[in-house]
Asker: 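Quick one: this structure, given as structure tokens, is what I'll be asking you about.
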2 protein chains.
Amino acid sequence: MAKNDEVCEIIYVDEKKVKKVQKEMLSEEDTETISGIFKALGDLTRLKILYALSKEELCVCDLSSLLGITLSAISHQLRILRNLKLVKSKRRGKIVYYSLANDHVLSLLHVGVKHAEES
Amino acid sequence: MAKNDEVCEIIYVDEKKVKKVQKEMLSEEDTETISGIFKALGDLTRLKILYALSKEELCVCDLSSLLGITLSAISHQLRILRNLKLVKSKRRGKIVYYSLANDHVLSLLHVGVKHAEES
DNA sequence: TGAACAATTGAATAATTATTCAATTATATC
DNA sequence: GATATAATTGAATAATTATTCAATTGTTCA
């Protein structure tokens with residue numbers, strides 16, 4: 001039996017097509033950036049945070065109360081979202097308010113909701 | 001010191017705002033569907049598969065060759081994408097061809113690319 | 001019918017990552 | 001300055017998940 005745990009090198013591959021697509025692929029760097037964004041939205045807690053922030057600017061404590069998740073967990077996730085430039089923060093006195101950093105996140109949320117509605 | 005590992009119940013929470021947002025939140029079911037889609041796009045291998053399929057209809061062996069990943073790994077990921085209705089398959093003889101299931105995926109990829117370009 | 005090929009699948013392992021707990025930082029107020 | 005509050009952080013644990021390996025299914029063609 002042929003080993004099937006190897007990368008495919010068999011003759012029937014449509015080389016021309018594969019080479020064409022290979023040229024059109026994104027760089028590894030871009031791919032990682034993009035998958036990073038989607039990974040962020042792929043976690044239930046982070047998705048809820050982002051969706052909530054799409055409705056209102058909120059502080060960590062509001063988010064904790066709203067989602068029933070500890071302050072620490074919220075804060076850890078917010079840091080990830082901040083590093084990805086998906087949310088921004090603004091301190092007013094003791095309280096740090098979070099909001100969405102740009103419209104891309106909003107677009108992504110909308111497309112996501114639309115897909116969910118139709119399936 | 002106050003315990004900070006509990007869900008926030010402190011007085012300063014803006015209850016009115018929180019209640020308002022609570023009403024606007026998505027159902028748990030929808031949230032899971034949507035985060036499922038993003039989770040799918042959040043994996044490097046799956047993102048590459050989807051991006052490749054956005055350019056051309058391809059078989060498992062083409063994808064394996066294109067991405068340098070074993071047939072088995074590709075197939076496992078394709079199953080996940082199929083279950084989420086992100087890709088569809090069509091058998092022609094021995095070969096199974098995969099393509100994107102709908103335009104939402106394409107929209108998501110485009111927004112992702114745009115965000116990556118701008119950051 | 002049997003041999004070869006394309007793809008799928010299940011179980012195990014390896015790697016990643018979300019959450020918790022405890023401690024710490026930053027700001028405001030008494 | 002001391003105290004309380006809001007948020008962040010690091011380390012450890014628990015849970016999730018991508019990949020590999022081996023076996024199997026479905027199809028074609030000699």
Side-chain angles (χ1 to χ4, degrees), chain A residues 1-14 18 32 35-36 38-49 57-84 87-98, chain B residues 1-14 18 32 35-36 38-49 57-84 87-98:
Chain A
M1 187 205 295
K3 268 205 125 183
N4 85 4
D5 57 345
E6 296 285 335
V7 169
C8 191
E9 296 168 350
I10 306 170
I11 303 126
Y12 79 90
V13 171
D14 186 336
V18 169
E32 274 173 26
S35 91
F38 288 125
K39 196 175 290 182
L41 288 145
D43 175 73
L44 269 180
T45 298
R46 286 190 297 259
L47 181 62
K48 287 176 188 171
I49 290 174
E57 177 183 78
L58 294 164
C59 68
V60 184
C61 191
D62 287 336
L63 284 166
S64 168
S65 168
L66 174 67
L67 304 178
I69 296 170
T70 63
L71 281 170
S72 179
I74 296 277
S75 191
H76 277 294
Q77 299 306 338
L78 281 172
R79 183 166 48 143
I80 293 172
L81 296 174
R82 233 187 303 124
N83 290 342
L84 290 167
V87 305
K88 63 186 178 206
S89 63
K90 178 164 40 172
R91 182 180 274 275
R92 284 205 286 277
K94 274 193 284 201
I95 299 180
V96 178
Y97 288 93
Y98 280 86
Chain B
M1 185 206 296
K3 270 205 126 185
N4 83 4
D5 57 343
E6 296 286 333
V7 168
C8 191
E9 297 168 351
I10 306 171
I11 303 125
Y12 82 89
V13 171
D14 187 335
V18 169
E32 275 174 25
S35 90
F38 288 125
K39 195 175 291 181
L41 287 144
D43 175 72
L44 270 180
T45 299
R46 285 191 297 261
L47 182 61
K48 287 176 188 170
I49 290 174
E57 177 184 78
L58 294 164
C59 68
V60 183
C61 191
D62 286 338
L63 284 166
S64 168
S65 167
L66 175 67
L67 304 178
I69 297 170
T70 63
L71 282 170
S72 178
I74 296 277
S75 191
H76 277 296
Q77 299 306 338
L78 281 171
R79 183 165 50 143
I80 293 172
L81 296 173
R82 234 186 302 124
N83 289 342
L84 289 168
V87 304
K88 62 187 179 205
S89 63
K90 180 166 39 175
R91 181 182 275 275
R92 283 205 287 278
K94 276 194 282 200
I95 299 179
V96 178
Y97 288 93
Y98 280 87

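Below, read A as the first sequence line, B as the second, and so on, with proteins coming before strands; counting in each chain starts at 1.
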Asker: Is any side-chain heavy atom of B:Asp62 closer than 4.5 Å to one of B:Cys59?
Answerer: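 In short, these two side chains touch, coming nearer than 4.5 Å.
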Asker: Between atom CG in B:Leu78 and atom C1' in C:dT8, what is the gap in whole Å?
Answerer: 10 Å
Asker: Using the closest heavy atom to pick a nucleotide of DNA chain C for each, name whichever of B:Val96 or A:Arg91 lands nearer the 5' end.
Answerer: B:Val96
Asker: I want to check one thing: is the phosphate of D:dT16, taken as OP1 and OP2, less than 4.0 Å away from some side-chain N or O of B:Lys39?
Answerer: no
Asker: Send over the distance from A:Lys90 NZ to D:dA7 C1', rounded to a whole Å.
Answerer: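 It works out to 17 Å between those atoms.
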Asker: Using whole Å, report how far CZ of B:Arg46 lies from C1' of D:dT16.
Answerer: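 Checked: the CZ to C1' distance equals 12 Å.
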Asker: Taking the side chain as every heavy atom from C-beta outward, state whether B:Ile80 and B:Gln77 have any atom pair closer than 4.5 Å.
Answerer: yes
Asker: With hydrogens left out and only the distance checked, is there a donor-acceptor pair under 3.5 Å joining A:Ser72's side chain and the base of C:dC21?
Answerer: yes
Asker: With a 4.0 Å cutoff (strictly under), does any side-chain N or O of B:Thr70 reach OP1 or OP2 of D:dT20?
Answerer: yes
Asker: Side chains of A:Leu78 and A:Leu63: does their closest heavy-atom pair fall under 4.5 Å?
Answerer: yes
Asker: Are any of A:Tyr98's side-chain N or O atoms less than 4.0 Å away from OP1 or OP2 of D:dT8?
Answerer: yes
Asker: Respond yes when some side-chain nitrogen or oxygen of B:Arg79 is under 4.0 Å from OP1 or OP2 of C:dT9, and no when none is.
Answerer: yes
Asker: How close do B:Thr45 and B:Leu67 get, heavy atom to heavy atom, and via which atoms?
Answerer: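 Answer, listing the atom of B:Thr45 first, then B:Leu67: O-CD1, 4.4 Å.
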Asker: Considering only C:dA18, C:dT20, C:dA6, which nucleotide approaches the side chain of B:Ile95 most closely?
Answerer: C:dA6
Asker: Under 5.5 Å between ring centres and under 30° between planes: does that hold for A:His76 against the base of D:dT8?
Answerer: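 No, aromatic ring not over the base.
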Asker: Please check the phosphate of C:dA6 (OP1 and OP2 only) for any side-chain N or O of B:Arg92 closer than 4.0 Å.
Answerer: no
Asker: Want to settle it: does A:Ala73 or B:Ile80 sit nearer the 5' end of DNA chain D, counting the closest nucleotide to each?
Answerer: A:Ala73
Asker: Describe the nucleic acid contact of A:Leu63 in one word from base, sugar-phosphate, nothing, applying a heavy-atom distance below 4.0 Å.
Answerer: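 It contacts nothing in the nucleic acid.
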Asker: Could you check how far CG of B:Leu67 sits from C1' of D:dA18, rounded to whole Å?
Answerer: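 Rounded to whole Å, this separation is 15 Å.
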Asker: Rounded to whole Å, how long is the line connecting atom CG of A:Asp62 with atom P of D:dA7?
Answerer: 8 Å
Asker: Using modelled atom types only, decide if a donor and an acceptor are shared between the side chain of B:Ser64 and the backbone of B:Ile69 within a distance under 3.5 Å.
Answerer: yes
Asker: If you check the B:Lys94 side chain, which of D:dT8, D:dT20, D:dT28 turns out closest?
Answerer: D:dT28
Asker: Rounded to the nearest Å, what distance is computed from the CG atom of residue A:Leu71 to the P atom of nucleotide D:dT8?
Answerer: 9 Å
Asker: For D:dT19, take OP1 and OP2 only and decide whether either is under 4.0 Å from a side-chain N or O of B:Gln77.
Answerer: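 For D:dT19, OP1/OP2 do have a side-chain N/O of B:Gln77 under 4.0 Å.
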Asker: Once you round it to whole Å, what is the distance between P of C:dT16 and CZ of A:Phe38?
Answerer: 22 Å
Asker: Just to be sure I understand the rule, does B:Arg82 reach a base, reach only the sugar-phosphate, or reach nothing, if contact means heavy atoms closer than 4.0 Å?
Answerer: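 Answer is sugar-phosphate: B:Arg82 comes under 4.0 Å of backbone atoms only.
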Asker: Using whole Å, what does the distance between atom P of nucleotide D:dT16 and atom CG of B:Asp43 come to?
Answerer: 17 Å
Asker: Using modelled atom types only, decide if a donor and an acceptor are shared between the side chain of B:Arg92 and the backbone of B:Lys94 within a distance under 3.5 Å.
Answerer: no
